[in-house]
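Here is how names work: the chains are called A, B, and so on, in the same order as the sequence lines, proteins then strands, and each is numbered from 1. A quick note: this is a predicted structure, and the numbers were derived from the prediction, not measured.
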Amino acid sequence: MRKLNYPLILGVLIVLILTAACINPEAFTTADPYGEERAKFVFIEGKINYFAPPVNPCPEYPWGTDQYGRDMKSLIFYGCRLTLFTAIFIAIGRLLVSLPLAIYAAYGSKAANRLIRQFGVFTGAFPIVILTMLFVKIQLTSDFFKEPNTIIGALLVLFGWSKMAGLLKEKVEGILNEDFIEGEIAIGKNRLEIALQNIVPHLIPSIVVMFFLEVAAALLVLSQIGVFGIVMNGGLMNADGEYQLPYEIDWASLLVASQWFVATGRLWLVLYPAAAFAISIIGFNLMGEGLRMEFEKRNSRVISWIRGIPSFLSLLRLAYELKHMSEYRSSVTKKLLFYGILLLLLFFPQLPSAYRFETTNAFKTMEELSKPEYRGRRAGSSQNEIISDYLAEKLAASGIQPFEGSFVHNYPLENAFNVKEAQLTVSSIISGQTRLEHRKDYYVTTPVNISGKYKLKKFTLEDLGEFPFQENEFDDCRGKFLLVDVRGLNGIVRSRFLGLINSTVKPAGVLYIDAWESQKLAKKGNIDSPAKSQAALINIAVSSNMGDTLLRMNDMDIELTIMSETYPEPENHCVVGYLPGSDETLKDEIIIIGSTFDCVGDDRTERFPASMEAGGPAMALETAGILGRSGVKPKRTVIFAFWDGTNTRDRGSKAFLEQYFKDNENKNIFYIELKNFGSKDSSKIILDTTRTLPKALKAQEYIKVLKKNARRNELELVYGKVSSPVMHDMLEEDINAVIIDTYDIDETIKTPKDNMGNIEQKKLKKPGQTVLDALVEILYGGAV
Amino acid sequence: MGILDVNDLKTSFTAGRHEIKAVDGVSFSLEHHETLAIVGESGSGKSVTVLSVMRLINPPGRIKSGDIYFQGKNLLAFTEKQMEMVRGGRIAMVYQEPMSSLNPAIPVGEQIKEVLVIHKAAAGLAAKEKAIALMQAVKIPEARLRYQDLPKKFSGGMRQRIVIAMALACNPDVLIADEPTTALDVTIQAEIMALLRDMKRQLNMSMLLITHDLGIVAENADRVLVMYCGKVMEEAKVKTLFRSPLHPYTMGLMACIPKMDARVDRLQAIPGYVPHPSQYPAGCRFSSRCSRVMERCKAEMPELMEIEDGHKVRCWLYCDDVSERSGGRDGK
Amino acid sequence: MPKLLAVFLKKGLSALLVFLVFTYMTVLICSIPRSFTVKTVNGQVTTTHTGFQILNSTNDKFISLLKLDMGKTGRDNRPLVYLIREMMKNSVILIAWGFLLSVATGILKGIIDSQRRHSKASNLKVFMTIIPISLPDVMIIALLQRLAIYMTNHGIDVFKVGGFGTINHLYLPILALSVLPSCYIARMTSIAIESCYSQDYINVAAGKGCSSYRILWNHVMRNVLPEVLGSMPTITTILISNLMMVEYLFSYPGLTLSLFKFFRNNERDGLVLSIILLGIIYFLLEALFKLIKWAAFKPVKESAV
């Protein structure tokens, strides 16, 4: 029995599996790694139990979930790619740095020798993890390298090359001592030639072995760095502890906070990432050592095979063999077969999509919805009624059926208004007149029509007095305007305070100072929100700067004219159509494609066309049209919902779901939200899958279909969390939901900059086609 | 009965699927106080033979069968502990590569002293004195000063002397010299061989001398064994072998030696190559290169036959003679 | 004798110089403010803090260190000397015992591993040497802690999973600390032993009648131990980086844990001192090994001259 090189075999096996996981993680696991299990109350035998992540390993989650509720198995398999790439990047980087230095040093360069030695001493005494830690915190490194993993990789290359350089130097010296080098010098080769032609080829076995061992070493360091929490690959966290920006998964960030996990009995949280590291390190070490054993054998089949590769791939040789076909028949056939398979894999001809997504139609819809006569599509306005009729018409024309009898579903809105004109001046005897500019120094947050002059009095939390608050305590505030500073109060206190002012103190109106302009962009939607509920009084939000100015004044008078239009009997007009599924067995599986067409409305002087926001409904409309016109019945029911009122408290989605989809335990509903599309400046589409449960198998399959079609259409996807009010409603009803949105448009959304001038029709093609193809696959068959 | 009797010794190495029969049925007898030379090319099995005698064969090698009698006792039946007593004490060996035969980290004097200590010939200071005396006996200058020196500080010839000193430390009965001069310069060769002859005479030892150099054989040996491919091809007294070699192989070896008094245009060589152990021919192993090969040679392996007194040969050329002379005895 | 003294002095001075450079570099790196970056303002490329500022800050701190003024902690204004007294002592205890344990087990395991060289299971031996050094510390520590918890739950209250105070608290950290270095040493030892056994003089020693025991201890180990000692600097580096993991995961109040606290709170003085103390430990260990190598294997050294 020939003795097999078991270490090499096992090493190669492990590395191959890891490579497969890098290329195609979907094949190994069902769930998307971003989907999150949620905390909830569960009734078990009549008692309430609190069920929250992290979840123990159980039948639904074979490896458990992490503290955010993400499926561990998916995290490991999807995280393989970034982790391995970083480690390989580090190994190659170190090699590129050490090789020339080692050759120089072996040639006798004192400087190189000293550099290698001193660097080695320094990095020996100063642990590399601490060095990395210190440099990561410096702003310069994040500005320069941007991605967390690139930062870590570059730092580890910079600080860790000396060991490799030392080893290489010894090897080069060994080669230089060989007798044949003297021969090379004798025939007149210069040092560079000797280096390239004689040294490097002899070094290749050592380099290959060292490369694999270095990858293993890099992985080990990465695991340590992960434990110390230096890599924060999750992007930024907002106040709720949620990741905001798009982020990629890797193993090191799973190890953060390991120390608490073991103590609290959650060993699996540490064990699986650590085991993933262990197996990959073992794999690369075995490969390195196995290859080293092969190289030391005198006649190794593996080495002869490897040496044969360049000649196998050489095209010159292939040409020669083709000329002498008769002699080399078998060799030529083998080579042609090899190239054939390679070409097939690389340029696998994609079947064209069954249906074409016409960007022209979608673009036209966006143009239509952005028209100035729709005045910013404020919910409750008569314009939105026109829009809903328009959408209903289009749906009907393409063969989509009305949902539950009608396309348009109206739901009441508590109030809806638009400020058309506002003028405000504050004056005092000492400081004179100060004019406040609408939308720069203040925003009006209640629907009001008022014109008059009032006294302006400062009012603080202390002035409120003690509980219980009696109305008669505040008689001196009646008929006056109050200036209130709510900066620094937390959300609950602030709304209670304002609420009390409105309900008990009852002045003529309130000017409250809020720090909204310290946020980078003052968005119309954001500012309107705090006092939305305070419909009783006039509430005016004053900017911080202006607020300081006003606070310095004494004995003030305020003169103001505000004209707002309230919409009479406001309703939101959701448009919902559907195609019923033909397959009886799948009647409980429903797909909902949702988009929002209402926006913040226009002011008198500023237009908010909200064109990108119209991209969602435009795309949904076109998709619905294509599917409807095709005349083919889908296997599963698909519902197209165009929401109105999303920008208010009384969302159309909320009312609709309450009406039709309450208590839907038996149903398997999947919701796709289409948000903003078409931006000229951004071509990355973000897919937010965090609101899907990893254990919802059908939902996870659909996500895979989406990703697959994105790849097919060459659409670049990033992953992260996107906020959307509709999601509240979906989560409420336990519906698995994903959001498709454009990334990096924060500067434009909900500002006047979001107009048709910013839209490029071409940009609609890839996302639109992707969604269409994915839908076709989900609804009409295919792998699902 | 000689001091050392080897009967049908077979030693093989296993490399993967192949079994390499390094020593394939070797028998000889070393008489008291005589020098027996074993001659052969590289790969003939001479070193393996003597290593088998010392039982220094490690896996993947193995002594498969045979007997080795030393002073009447079967060495192959000895326990490891008993062998350790024999090695270095009763049977000692001098090796081929003096440059790597000594431990580079231990002073040479200590290495000699070690033999004495192991075999309890002396201890402590007395052992040190004896070691110095041995160094002087093998003609190492300034022995006392150089006792503490590391092997690094000695030349090849000097190191070989130290190895010889180690070998002779306990007055062994048999000295095995495995190509002791092959790695040395010609002038040093002569010195070392002279030293060995001298020591043998002084200590009354028997010597097994392995070499491929017929010149050394002629000068030092009493009897000769010619080995080829793991088997003994010819055995004779030295004078007889040189005067009338019988085996074609031996004759070929003799012919290879350039002679000073004869005119030669080209050097003679035995045509062909030594066959690989996995590809031994079925019959006589020399058949592929023999100038007097017959059909029978390729098919059947001849036996080692005594042609005249003390002169044995393994060749079909002579077997018929034997069976004729011994009156039809089975010539197989 | 004076020649020896001269050699000592020369080596000592150069070591001191290296240490001073190390200290300076440490202070420099720690003095770079976190907001330091390169910006383009009005088309011109500038840095947020000039090199001059940083160097000034470095020099000030360096000089104050030379005066042995260690600085104070940011929070409670305690003089940082306590770092030396308590934290360093704790870390040194851990390192010392961990190192001894790892050397003892490492060499033993190395010898045992190399004894299987003749058997057909030499492949298995490769696995046995490679797999232990491939396990990340996290895994080893997590498993050890789990084991300890399991044992405690079953009444065997020997190991403590975290914290400090009794000798029981030391067992697991020392054990965890010694695992990786021990495996490295085992591997070095076994490789060195194997390469030794393939040398000619081993056969010669056998031919002299040496027992295998004698061959191992008198002939082989005499050549192997200097080699193993020579690889000690790598072992020290592994020990120190392992120390960080162990102190962190066991919440053991040693030098590296303080280092982290200072790092989190952005306290430069504490950070600098912790790193320097760690560096001192490293340099001392290195010097110790060089000394041992020189003293125990003098003959080898002399001949190399």
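Only the side chain of A:Leu131 has a heavy atom closer than 4.5 Å to any heavy atom of chain C. For A:Leu10, the part lying near chain C is the side chain, with the backbone staying farther off; criterion is any non-hydrogen pair under 4.5 Å. With a 4.5 Å cut-off on non-hydrogen atoms, A:Ala217 does not touch chain C at all. In this structure, chain A has heavy atoms under 4.5 Å from both the backbone and the side chain of C:Leu135. Looking at C:Leu259, only its side chain comes within 4.5 Å of chain A, counting heavy atoms on both sides. At a 4.5 Å heavy-atom cutoff, C:Val21 makes no contact with chain A through either its backbone or its side chain. Both the backbone and the side chain of A:Leu134 come within less than 4.5 Å of a heavy atom in chain C. If you measure heavy-atom distances from C:Phe22 to chain A, the contacts under 4.5 Å come from both the backbone and the side chain. Interface remark: C:Thr236 contributes no atoms to any contact with chain A (heavy atom separation under 4.5 Å).
Aromatic ring centres of C:Phe99 and C:Phe289 lie closer together than 6.0 Å. Aromatic pair A:Phe159/A:Phe135: ring centres closer than 6.0 Å.
Side chain to side chain, A:Arg117 and A:Ser162 fail the donor-acceptor criterion of an N or O pair below 3.5 Å. For the residue pair C:Ser134 and A:Asn285, a side-chain donor N or O sits within less than 3.5 Å of a side-chain acceptor on the partner.
In this structure, C:Leu143 and A:Leu271 have side chains that are in contact, with non-hydrogen atoms separated by less than 4.5 Å.
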C:Thr256/C:Met245 under side chain to side chain contact (heavy atoms under 4.5 Å, CB included): CA gap, chis, key distance, verdict: CA-CA 9 Å; C:Thr256 60; C:Met245 295 290 283; over 6 Å; no
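C:Leu144 CG to C:Phe250 CZ: the interatomic distance, rounded to the nearest 0.5 Å, is 6.0 Å.
When each of C:Ile240, C:Ile275, C:Ile131 is scored by its heavy-atom pairs under 4.5 Å with chain A, the top score falls to C:Ile275.
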